[in-house]
Protein chains: 2
Amino acid sequence: METKNVKSLGKMVGVLDCFSTTERSLSVSEIAERTGLPRSTAHRSILALKEVGFLEQERSRDQYRLGMRLFQLGATVLNNLDLQRKARPFCETLNSLTSESVHLCVFDGERMVFVERATGGPTGDQNDTIVMEISPCYCTGVGKATLAFQPQPIIDRVIAAGQDRFTAHTLVEPEALRRELEEIRACGYALDREEHKLNVRCVAAPIRNSAGRVIASVSSSGPAKRMSEERQHELAPYVVSHAEAISKQLGWVPPEQA
Amino acid sequence: METKNVKSLGKMVGVLDCFSTTERSLSVSEIAERTGLPRSTAHRSILALKEVGFLEQERSRDQYRLGMRLFQLGATVLNNLDLQRKARPFCETLNSLTSESVHLCVFDGERMVFVERATGGPTGDQNDTIVMEISPCYCTGVGKATLAFQPQPIIDRVIAAGQDRFTAHTLVEPEALRRELEEIRACGYALDREEHKLNVRCVAAPIRNSAGRVIASVSSSGPAKRMSEERQHELAPYVVSHAEAISKQLGWVPPEQA
DNA sequence: CCTCCTTGTTCCGCATTGCGGGATGTTAGT
DNA sequence: ACTAACATCCCGCAATGCGGAACAAGGAGG
């Protein structure tokens with residue numbers, strides 16, 4: 001499954017995956033240790049990645065960090081992402097159905113990214129403004145809805161990175177979080193019970209791309225007074241069905257379609 | 001130079017580089033044609049890239065596009081980019097020196113990205129807001145200053161993508177643009193003569209990272225009245241020296257340092 | 001000052017990995 | 001139905017990447 005073609009590419013990605021927002025720069029042996037590769041192999045891979053601009057070597061030391069080439073490719077992906085465009089009508093109907101504010105967030109591998117794009121100005125041509133708001137994925141509705149459906153290694157990685165307590169309700173215990181994710185997988189939607197911000201509760205459901213992977217989530221959120229546990233479960237079916245509609249719009253085909 | 005280690009990685013990157021904001025999705029044979037790879041090799045590479053999430057297959061099946069994994073890595077790069085933090089003091093002094101507004105933009109491979117980050121909120125912890133403003137690189141001071149120092153293939157690619165006319169002064173002729181870049185390389189800074197927006201003129205200078213590559217630029221810009229051609233040349237040394245200071249801060253060491 | 005230990009870098013022979021021409025499915029157009 | 005164009009699969013050959021080991025460069029500690 002993992003190693004069909006171009007096995008070396010797998011190693012390369014393994015090297016890149018050693019880096020994160022907390023592990024900004026690593027040395028050859030740290031990378032070798034994390035990937036389990038022999039030092040010489042790790043070194044050769046790093047050299048290759050440096051040649052193509054996926055890694056850059058720090059000035060003084062033997063430290064490497066992710067290269068600008070990845071930023072370039074990532075920016076292109078962001079630009080080509082037509083999630084927002086395709087999702088907009090569904091977000092709007094969901095908004096009027098629930099009379100609560102609707103959020104659409106993309107998963108970036110460790111955090112949720114709320115992306116808003118304003119193709120602005122009178123010239124109208126290329127001058128985009130993109131506003132990204134980043135929030136943790138373990139204590140928001142959209143975050144948990146997305147995280148629950150990620151492959152196990154990613155979940156482990158997120159949990160291993162540690163959880164900060166934002167409110168009294170934040171799930172900071174790894175086990176509690178894992179149970180919560182289990183439950184989300186079972187029922188198909190996630191609830192935020194003031195885990196990130198006090199007085200904010202929401203219901204969120206996952207969005208799949210054409211490859212079937214969960215890449216984002218939508219949520220309907222409101223103040224605690226209006227958004228009782230009961231109301232959350234009441235709204236859930238609407239949120240889920242709209243998330244599914246968006247998934248289909250992205251080219252996802254539900255399984256068992258004979 | 002290109003093919004030292006892990007030659008396959010070069011091909012993989014070649015495949016990824018076929019995509020851009022205008023070429024959102026491509027078929028196997030289009031990729032084969034653009035890369036010059038035999039179809040079967042291209043196909044195998046694509047499969048491998050799909051396995052690691054660098055490419056995704058569209059519903060329509062025969063089309064591929066850049067995958068979310070690249071967005072993830074790009075987001076990490078953006079997050080780890082401490083350009084702004086390191087550049088801030090220099091931008092501030094440049095601002096008081098020139099009494100004009102100062103801009104700091106990063107090159108994303110085809111466009112300039114102005115990045116502003118607000119680590120916001122009372123919680124203060126992980127909840128970042130990032131505002132990105134994207135503008136063309138062929139008709140802004142920061143854009144031309146950066147573009148001029150890119151490797152030839154990237155310049156060719158940008159020029160081949162075509163130039164839109166924003167004002168009467170925009171350089172839309174490829175040859176005129178190439179000559180302009182040549183001049184910028186010679187003098188070390190770029191001038192914007194109302195090429196993007198009427199009544200806005202600026203002086204910009206390139207910023208290099210520790211690898212010596214130009215990844216960004218700073219500019220000082222103002223209204224046409226104040227920013228005469230003469231004043232631009234007057235300010236240039238300040239902009240250039242501050243850009244160099246920022247480069248050094250990023251770990252760049254000037255050549256010929258014996 | 002010398003020694004030991006850690007870590008980056010280079011070498012080289014072996015066999016695994018990827019190569020690519022061609023065969024085989026699959027879809028679309030007439 | 002026939003053809004054309006293209007995606008996908010197959011398989012034998014050899015180039016490619018592998019990784020153990022040697023080498024080099026520091027740094028810490030005695």
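Lettering follows sequence order; numbering is per chain, from 1.
Evaluation of the side-chain contact (heavy atoms from CB on, under 4.5 Å) rule for A:Ala145 yields A:Ala190, A:Ala204, A:Pro206, A:Ser217 as partners, not counting sequence neighbours. B:Phe114 is linked by a ring-ring contact (aromatic ring centres under 6.0 Å, His included) to B:His103, counting only residues two or more places apart in sequence or in another chain. With sequence neighbours excluded, the residues forming a ring-ring contact (aromatic ring centres under 6.0 Å, His included) with A:Tyr189 are A:His233, listed by chain and number. In this view, A:Arg39 and A:Ser29, A:Ala32 satisfy the side-chain contact (heavy atoms from CB on, under 4.5 Å) rule, not counting sequence neighbours. A search for ring-ring contact (aromatic ring centres under 6.0 Å, His included) contacts involving A:His43 returns nothing, not counting sequence neighbours. Shown here are the salt bridge (Lys or Arg N to Asp or Glu O under 4.0 Å) partners of B:Arg185, two or more places apart in sequence or in another chain: B:Glu182.
Nucleotide D:dG20 holds its P atom 10 Å from the CG atom of A:Leu37, rounded to whole Å. Atom pair B:Leu9:CG and C:dT17:P shows a separation of 17 Å (rounding to whole Å applied). Rounded to whole Å, the distance from CG on B:Leu26 to P on D:dC6 is 14 Å. Atom CD1 in B:Ile46 sits roughly 15 Å away from atom C1' in C:dG18 (whole-Å rounding). If you take CZ of A:Arg44 and P of D:dC18, they are 5 Å apart, rounded to a whole angstrom. Taking atom CG of B:Leu47 as the reference point, atom P of D:dC9 lies 7 Å away to the nearest angstrom.
Rounded to 10 degrees, the angle between the two end axes of the helix from C:dC1-D:dG30 to C:dT30-D:dA1 is 40°, with five pairs used at each end.
With C:dG18, C:dG21, C:dC19 as the choices, the nucleotide that has an atom nearest any side-chain atom of A:Ser8 turns out to be C:dG18.
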Run the side-chain donor-acceptor check on residues 66-78 of chain B: report pairs under 3.5 Å with partners two or more places apart or on a different chain.
{"residue": "B:Arg69", "atom": "NH1", "partner": "B:Val52", "partner atom": "O", "Å": "2.7"}
{"residue": "B:Arg69", "atom": "NH2", "partner": "A:Asp17", "partner atom": "OD2", "Å": "2.4"}
{"residue": "B:Thr76", "atom": "OG1", "partner": "B:Gln72", "partner atom": "O", "Å": "3.0"}

Using atom names, set out every protein N or O paired with an N or O of nucleotides 4-8 of chain C below 3.5 Å, distance rounded to 0.1 Å.
{"residue": "C:dG8", "atom": "OP1", "partner": "A:Ser27", "partner atom": "OG", "Å": "3.3"}
{"residue": "C:dG8", "atom": "OP1", "partner": "A:Val28", "partner atom": "N", "Å": "3.4"}
{"residue": "C:dG8", "atom": "OP2", "partner": "A:Ser29", "partner atom": "N", "Å": "2.9"}
{"residue": "C:dG8", "atom": "OP2", "partner": "A:Ser29", "partner atom": "OG", "Å": "2.9"}
{"residue": "C:dG8", "atom": "N7", "partner": "A:Arg39", "partner atom": "NE", "Å": "3.4"}
{"residue": "C:dG8", "atom": "N7", "partner": "A:Arg39", "partner atom": "NH2", "Å": "3.3"}
{"residue": "C:dG8", "atom": "O6", "partner": "A:Arg39", "partner atom": "NH2", "Å": "2.9"}

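Between A:Thr41 and D:dC18 there is no side-chain N or O to OP1 or OP2 distance below 4.0 Å. For A:Lys11 and D:dC18, the shortest distance from a side-chain N or O to OP1 or OP2 is below 4.0 Å.
Within 6.0 Å of CD in A:Glu33 there are 12 or fewer heavy atoms belonging to other residues, nucleotides or ligands.
B:Thr21 and B:Glu110 form a side-chain donor-acceptor contact under 3.5 Å, judged by distance and modelled atom types alone.
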